[in-house]
Enquirer: 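Got a structure for you, written out below as structure tokens; questions coming shortly.
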Amino acid sequence: VIERLEVTPGPGTVIRYGGIVAWADPSASAALISFLAQSARNLSPSPRGGRQIADHIASVLATRDPEPHVAFAVIGPSDHGWASLLHGPVQVWDGARWLAPTPTPGWLQAIITPRPAITVGAAGTPTPAPEPDAMWDLEAGVVPGSGFLLVPSGVPGRYAVVRPPLEDHLEYQRDVMAPEPPVEPAEESGPQPEVEPVVAMTTALPAVEPTQVLGSVGAGPERHTAGQDPAGVATGGGGAGGVAAAAAAAAAIGGAAGVAARRRKEDADEHPAEDGESGEPDAAGALVLGGTAAFGHMGHEPPAAAGPAQPAAEAEDRPGIPAEPEISAPEPAPQPAAAAQTPVEPETAATTAATTLKASGDEQESPSSATGPEPDTGAMAGTPDESATTGLEVGVPVATATAGLVIGDGESAVADGRSAGDAGVSEQEPVTDPATGLEPAVPPVPTPRRPPIPGPAGSVDLRTVATTAGPPLPRGGGPDQRVPGAPVVAGALCARGHLNRPGLTICARCRTPLRAGSDQVSGTRPPLGVLVGDDGIVYRLDRGYLVGSDPGRDPTVGGGLARPLTLRGSDVSGSHAELRLADWDVLVVDRGSAAGTCVYEPGAAEWARLNPFEPRALAPGTHVAFGQRVVTFLSPWVAQG
Amino acid sequence: LYDIQSLARQGMPLLLGTPRVRSNWLAQTMGGVLRSSVADYRVVQALPPTSTGRVSYLCQAPDRLEHIEANVMVTELAVDAAGWRELIGNLSRLAGVESAHLLRLIEVGPDLDPAGAGVYLVSEAAPGGSIGEPVESLDAVARIKAVVEAARGAHILHECGLAHGSIDSRSVFLTSRGGALGPPSLGGPAGVATRIRDWRDVALLDPALLRGEEPSRSSDIWALATTLHGVLSARPLYPGIDSDPAVTAVQRVLFTRPEVDPALPAGIAESLAACLADDPGERILSAEEFADRLSAVGVAS
């Protein structure tokens with residue numbers, strides 16, 4: 001369903017399970033995050049999971065909204081597009097339009113059609129700059145992020161460009177993303193192999209225990225001991241660089257995910273039987289969710305909730321919990337000088353974003369992961385060789401990195417002033433599969449390009465908006481047709497079927513003569529002319545108006561009985577006067593305004609002030625003054641023809 | 001209280017028909033504020049205003065767009081939610097249309113600038129200007145050709161179910177492809193038909209619009225004819241209207257018949273007259289037919 005999910009670095013939390021993606025702003029409580037993650041996880045197998053989770057959350061919110069000012073969004077598949085629920089100050093850009101709950105606090109449910117992608121973030125934040133072939137791709141789990149870009153499968157062809165050749169791509173990455181610091185020549189060896197920027201990619205397979213930290217090939221493999229921290233998984237894809245990036249990300253999330261996870265783990269340690277009874281192994285999510293309980297203060301159980309209830313207060317204790325020094329940091333693999341790693345602070349690593357490393361469907365793999373030490377994880381997360389053997393992780397150059405779960409951040413490493421080589425791979429030896437002896441294929445799969453950056457909030461890109469067909473306009477004229485629901489008047493028909501005001505001698509529209517004394521017929525009343533304002537604005541008189549400086553607040557307008565005609569002026573009352581259409585006449589009625597309403601009729605010598613609430617029929621050519629603002633009534637329906 | 005003419009003479013906000021409006025259009029755009037930007041587009045040059053309450057700017061597009069320059073059109077009138085929905089609905093009918101005879105649309109959005117209140121619409125820039133304000137002088141044949149191409153663009157709009165509603169000489173642009181019809185009317189508050197500044201704006205309008213009817217295929221055909229007449233002849237279509245204030249001009253259009261300049265080539269004059277019949281049923285039935293007739297007679301002329 002989802003081709004790629006690019007996480008926007010920054011504060012907040014991004015959640016993905018299957019086709020369901022959620023985002024919450026940094027103010028979201030751990031309870032809310034757990035609730036979202038648990039719900040997403042439980043409903044992710046459903047092809048209508050998006051609709052179901054949106055309905056579910058809406059039902060919770062309808063009962064009570066415990067965090068009305070928190071921005072969050074949930075998007076997932078439904079029968080007719082992408083169902084979404086947007087809550088609080090959040091904005092969604094579907095490539096052609098903006099969606100945002102209005103007013104806030106409040107929420108909005110909508111079906112979104114990606115054109116071709118969906119961008120989610122906090123309201124008012126700038127949309128992320130385009131990053132062709134961006135490396136971020138969250139496959140599953142809970143990670144820090146200020147938003148995300150969701151690219152669904154099968155995006156329109158204009159965005160499905162073929163990835164450039166590997167060398168070109170690396171060239172681009174080096175030039176654009178990684179200002180390479182000078183490389184000191186090796187003293188012993190000959191020419192130093194060119195250091196390619198690398199993003200560490202970790203591919204998770206079902207056999208992987210979700211609590212593993214999978215280092216990338218060539219990087220000093222960082223490893224969490226399973227069971228010690230079954231929830232908070234720091235996937236330091238790029239060795240030092242990756243860990244540093246993940247640590248930075250973890251700092252942004254404020255430990256929300258990791259804390260919630262660890263608390264759940266602790267609770268699981270204390271109550272292993274309960275966990276087992278849940279039938280929902282924690283291992284499925286790197287973030288072990290106490291979702292049901294954590295969001296329990298909402299008074300709702302998420303669908304198919306798993307796990308025992310947790311005290312909400314416990315789960316809401318989010319920030320600043322020191323990490324447990326549970327990271328076992330094995331000796332880094334022999335690295336060239338460029339691979340000198342920045343020491344990883346245990347606190348940092350332990351509070352890194354919890355990330356699920358496996359796809360959905362592997363829940364049954366490790367129910368014990370949260371209840372006890374992991375029996376054997378070295379084969380999966382140990383040395384590069386081990387990883388290669390199991391095929392569980394592949395450290396590859398950037399060009400192939402988008403296929404999997406990207407945890408390491410090459411950009412972060414670069415931003416730290418280190419070369420791309422620091423990020424993990426010291427040599428450009430291709431990784432070979434020991435079983436086959438073959439290099440892993442670099443799949444030349446077409447990669448969707450990022451859509452254009454959206455314009456200002458509320459704008460619509462007319463180059464990508466979906467076309468809606470409309471019937472062609474009718475040709476020529478014809479006799480008047482009865483319009484259902486429109487006012488009906490009696491009049492005289494001309495030879496061409498135009499309804500005219502009684503008493504006219506020629507048709508006001510086609511100028512054909514009207515027979516005197518012809519029978520009257522009833523028909524839909526045509527517009528009675530126009531009003532020309534002193535600012536040049538021409539108003540159609542096909543309906544009545546309420547004139548004033550703020551007529552929109554009047555119930556007459558709110559009830560749909562009249563249109564607003566706004567005239568700005570210091571002496572124009574908010575609801576100054578009405579212009580009513582009655583039969584073939586236009587009536588003006590002063591609403592008791594302070595400055596009064598005056599008319600200047602054709603042939604008159606002076607202005608005449610109207611009595612309040614006394615209707616006056618207007619003759620064509622009459623000027624009407626509302627305070628100092630003047631409009632002129634013009635009409636073809638002149639009785640004398 | 002004053003009568004309408006004395007208000008105009010005293011320079012009150014009553015601006016109808018006063019020469020001051022036309023000559024000072026640059027300064028009075030958007031309430032007298034010459035804007036430096038619209039949304040994230042940087043204004044390079046203010047363009048002449050159109051007849052329907054729109055102000056156009058030649059703008060430098062932001063980096064997020066690949067276009068170097070763009071025409072940005074801004075409504076002078078606020079657009080409410082219903083008007084916005086209608087506008088988006090109308091423009092989405094054109095979204096998939098690729099035509100050399102239409103100015104390519106890029107973006108539409110709410111104009112949030114304090115000096116503005118309505119909508120901005122971005123289209124490709126027309127380096128040649130418009131036939132009303134050409135960058136380089138145009139001969140009659142070039143003007144006819146541009147109107148012919150704009151008529152073909154109008155026909156595309158009509159077949160998409162959309163009336164332009166604001167065709168005039170400043171909405172027939174000159175692009176590298178030739179003539180192209182500018183964006184359709186952006187609408188405004190409910191019930192607003194158009195905005196007129198002086199008799200020139202009024203003289204273009206189909207009397208049906210001044211009777212309060214909605215823009216239609218036939219009103220666009222009328223406007224194409226009056227536009228062509230205006231760029232080919234120095235004589236106004238309604239004799240004497242050039243001395244009218246706007247309100248009087250409206251009345252003149254409502255109650256008198258247009259007179260095609262007899263000095264125009266016979267084929268052109270006949271084509272114009274065929275578009276200016278009182279009854280829409282007697283007019284040329286499509287803009288494409290008008291274009292074909294002009295193409296046929298234009299060569300001979």
Side-chain angles (χ1 to χ4, degrees), chain A residues 97 130 452-478 496 508-512 526-530 532 534-543 545 563-566 598 600 607 620-621 623 625 628-630 632 634-636, chain B residues 1 3-4 7 12-16 39-40 53 64-65 77 88-89 91-97 105-110 112 158-163 188-197 207-208 210-214 216-218 246-247 250-251 254-255 278-281 283 285-286:
Chain A
R97 61 174 181 161
I453 301 179
S459 63
V460 176
D461 190 337
L462 296 172
R463 300 166 301 172
T464 59
V465 70
T467 303
T468 56
L473 296 178
R475 299 187 180 209
R496 290 174 176 149
R509 286 185 276 174
C510 65
R511 299 179 199 270
T512 56
L528 296 184
V530 293
V532 181
D534 53 15
D535 51 4
I537 299 175
V538 180
Y539 300 89
R540 297 186 194 95
L541 279 171
D542 51 352
R543 287 187 60 192
Y545 288 90
R563 287 184 183 136
L565 196 162
T566 305
C598 300
Y600 194 101
W607 289 86
H623 305 305
Q628 291 291 314
R629 298 298 304 272
V630 178
T632 303
L634 298 172
S635 171
Chain B
L1 294 175
D3 70 39
I4 198 167
L7 281 173
M12 297 297 285
L14 189 68
L15 300 176
L16 301 178
D40 52 355
R64 62 187 173 82
L65 294 171
L77 307 174
I88 297 301
L91 293 177
S92 65
R93 295 183 182 182
L94 294 175
V97 176
L105 304 181
I106 298 173
E107 186 176 282
V108 63
L112 302 178
H158 299 156
E159 293 303 303
C160 291
L162 197 60
V192 170
T194 185
R195 185 173 192 175
I196 53 179
R197 289 186 167 83
L210 297 176
R211 290 195 299 265
E213 298 177 15
E214 299 274 354
S216 63
R217 187 190 291 260
S218 59
V247 170
V250 170
Q251 291 172 311
L254 278 174
F255 298 113
D278 287 325
D279 185 6
R283 297 177 192 166
L285 294 181
S286 74

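Letters A, B, ... are given to chains in the order of the sequence lines, protein chains preceding strands, and every chain is numbered from 1. A quick note: this is a predicted structure, and the numbers were derived from the prediction, not measured.
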Enquirer: With a 4.5 angstrom heavy-atom cut-off, which part of Leu162(B) approaches chain A: side chain, backbone, both or neither?
Expert: backbone
Enquirer: Could you report the tightest heavy-atom contact between Arg195(B) and Asp535(A), atom names first, then the distance?
Expert: NE-O, 2.9 Å
Enquirer: Where on Ala163(B) is there a heavy atom nearer than 4.5 Å to chain A: the side chain, the backbone, both, or neither?
Expert: both
Enquirer: Relative to chain B, which segment of Pro526(A) carries a heavy atom at a distance below 4.5 Å: side chain, backbone, both, or neither?
Expert: neither
Enquirer: Of all heavy-atom pairs between Arg511(A) and Asp278(B), which one has the smallest distance, and what is that distance?
Expert: CD-OD2, 2.8 Å
Enquirer: In terms of heavy-atom proximity below 4.5 Å to chain B, should Arg543(A) be classed as side chain, backbone, both, or neither?
Expert: neither
Enquirer: Please classify the contact of Pro471(A) with chain B as side chain, backbone, both or neither, using a heavy-atom distance under 4.5 Å.
Expert: backbone
Enquirer: Side-chain contact, heavy-atom cut-off 4.5 Å: Pro620(A) with Gln251(B)?
Expert: no
Enquirer: Over all heavy atoms of both residues, which pair between Gly212(B) and Pro527(A) is shortest? Give the atoms and the distance, please.
Expert: O-CG, 3.3 Å
Enquirer: Which region of Arg283(B), side chain (C-beta onward) or backbone (N, CA, C, O), has a non-hydrogen atom less than 4.5 Å from a non-hydrogen atom of chain A, or is it both or neither?
Expert: neither
Enquirer: Could you point out which residue of Val630(A), Val532(A), Asp534(A) forms a side chain to side chain contact (heavy atoms under 4.5 Å, CB included) with Val247(B)?
Expert: Val532(A)
Enquirer: Out of Glu213(B), Arg211(B), Glu159(B), return the one with the most heavy atom pairs under 4.5 angstrom to chain A.
Expert: Arg211(B)
Enquirer: Just do the side chain to side chain contact (heavy atoms under 4.5 Å, CB included) check on His158(B) and Arg475(A) with the steps written out, would you?
Expert: CA-CA 9 Å; His158(B) 299 156; Arg475(A) 299 187 180 209; over 6 Å; no
Enquirer: Of the listed residues (Leu254(B), Val250(B), Val108(B)), which shares the most heavy-atom pairs with chain A below a 4.5 Å separation?
Expert: Val108(B)
Enquirer: Please find the pair of heavy atoms, one from Glu214(B) and one from Asp542(A), that lie closest to each other, and give the distance.
Expert: OE2-OD2, 4.3 Å
Enquirer: Under the side chain to side chain contact (heavy atoms under 4.5 Å, CB included) criterion, do Leu634(A) and Leu210(B) qualify, and how do the steps go?
Expert: CA-CA 8 Å; Leu634(A) 298 172; Leu210(B) 297 176; over 6 Å; no
